**Student:** 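Below you'll find the structure I mean.
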Number of protein chains: 2
Amino acid sequence: MGDEKSWKALGEFIRTQRRLADMSLRQVAQVAKVSNPYLSQIERGIYKPSADILKGIAGALQISAETLFARAGLLEEESTPPSKKGQPMVEQAIRTDPKLSPDQKKALIGVYRGFLGN
Amino acid sequence: MGDEKSWKALGEFIRTQRRLADMSLRQVAQVAKVSNPYLSQIERGIYKPSADILKGIAGALQISAETLFARAGLLEEESTPPSKKGQPMVEQAIRTDPKLSPDQKKALIGVYRGFLGN
DNA sequence: AGCGAGTGCTTGGTATACCAAGCATGCCCA
DNA sequence: TGGGCATGCTTGGTATACCAAGCACTCGCT
């Protein structure tokens with residue numbers, strides 16, 4: 001059922017985030033309350049973590065659980081309830097901010113997109 | 001880790017929703033691609049369904065997966081109380097962006113304020 | 001009554017999520 | 001050179017999520 005691929009990608013995403021936060025396997029594992037080998041295996045896509053494990057990992061990495069769920073393909077929707085559908089709120093707000101120069105806007109949006117994991 | 005109580009409540013919620021949709025265990029189970037005994041046990045709080053099972057059940061009951069995840073206590077409630085007027089649009093948008101971690105939000109806002117200061 | 005089809009539940013078993021202990025390698029400092 | 005100490009990984013085992021088969025019951029129908 002699980003698409004295999006999603007899980008693999010999820011693992012890589014987690015590893016990336018962990019390295020980005022400059023933390024070791026054991027550090028994250030301890031905070032997330034899982035064993036370090038298991039975390040390792042998750043990162044390599046060998047096992048599919050259950051939901052509460054995912055939540056723990058998200059907490060340890062200080063990223064939102066929703067993000068991980070979405071990455072794992074467990075949430076169908078990109079929650080885009082209000083306003084504009086094509087563009088995220090943040091980008092829209094940045095673009096329309098009169099106090100920012102064009103270069104600054106570009107930089108900010110760049111950082112923002114970087115954070116989203118792309 | 002899982003609060004026991006949440007899982008019990010989740011099960012009752014699922015059963016309620018199922019009855020409300022006037023469906024039998026087997027019907028929902030088939031659509032959700034789980035066995036009917038297992039679904040029964042989930043409804044009685046005996047087992048904690050994994051995330052993809054939850055997603056399947058949500059689909060079968062035509063309710064959003066997010067709702068179930070929230071019920072299961074897997075998503076911390078975002079509860080974005082809207083609009084503070086004194087705050088710039090950009091900061092507000094950043095703070096309420098579900099895809100950003102707290103640290104990332106802090107960083108982004110930091111960059112933004114830095115730009116305004118120069 | 002008797003049966004057929006519906007309901008939810010119990011039970012034995014299998015697959016897999018998850019862990020404790022330990023291995024292998026690399027880095028630092030005496 | 002060699003012993004701590006950190007890193008990520010392997011392995012054997014346990015707990016539990018999940019299923020197939022079947023039980024006990026109820027409700028219409030004839």
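Letters go in sequence order (proteins before strands), and every chain restarts at 1. Source: prediction; values computed, not measured.
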**Student:** A/Pro37 side chain: which of C/dA21, C/dC9, D/dT7 is closest?
**Tutor:** C/dA21

**Student:** From the list C/dC18, D/dC9, C/dG8, which nucleotide is the closest neighbour of the side chain of A/Ser50?
**Tutor:** C/dC18

**Student:** Can you measure A/Leu39 atom CG to D/dT10 atom P for me and round it to whole angstrom units?
**Tutor:**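 So the CG-P distance, A/Leu39 to D/dT10, works out to 14 Å.
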
**Student:** Could you state the atom-to-atom distance from CZ of B/Arg26 to C1' of D/dG22 in whole Å?
**Tutor:** 10 Å

**Student:** Name the closest nucleotide to the A/Val34 side chain, picking from C/dC9, C/dC19, D/dC19.
**Tutor:**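 Of the candidates, C/dC19 comes closest.
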
**Student:** I'd like to check A/Ile42 versus A/Ile57 (side-chain heavy atoms, cut-off strictly below 4.5 Å). Are they in contact?
**Tutor:**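 Touching, per the 4.5 Å side-chain cut-off.
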
**Student:** Between D/dA17, D/dC18, D/dT10, which nucleotide has the shortest distance from any of its atoms to the side chain of B/Ile53?
**Tutor:**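 From the listed options, D/dC18 comes nearest.
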
**Student:** Once you round it to whole Å, what is the distance between C1' of C/dG6 and CD of B/Gln27?
**Tutor:** 10 Å

**Student:** Judged by each residue's nearest nucleotide on DNA chain C, which is more toward the 5′ side, B/Leu25 or B/Gln41?
**Tutor:**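 The answer here is B/Leu25.
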
**Student:** Would you mind telling me which of C/dA17, D/dC9, C/dC9 lies closest to the side-chain atoms of A/Lys48?
**Tutor:** C/dA17

**Student:** Check every atom of C/dT10, D/dG8, D/dC19 against the side chain of A/Arg15 and return the nucleotide holding the closest atom.
**Tutor:** D/dG8

**Student:** Please report the distance, rounded to the nearest Å, between OH in A/Tyr47 and C1' in D/dT11.
**Tutor:**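 Between C1' of D/dT11 and OH of A/Tyr47: 10 Å.
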
**Student:** Checking B/Thr67 against B/Arg71: is there a side-chain donor and acceptor pair closer than 3.5 Å?
**Tutor:** no

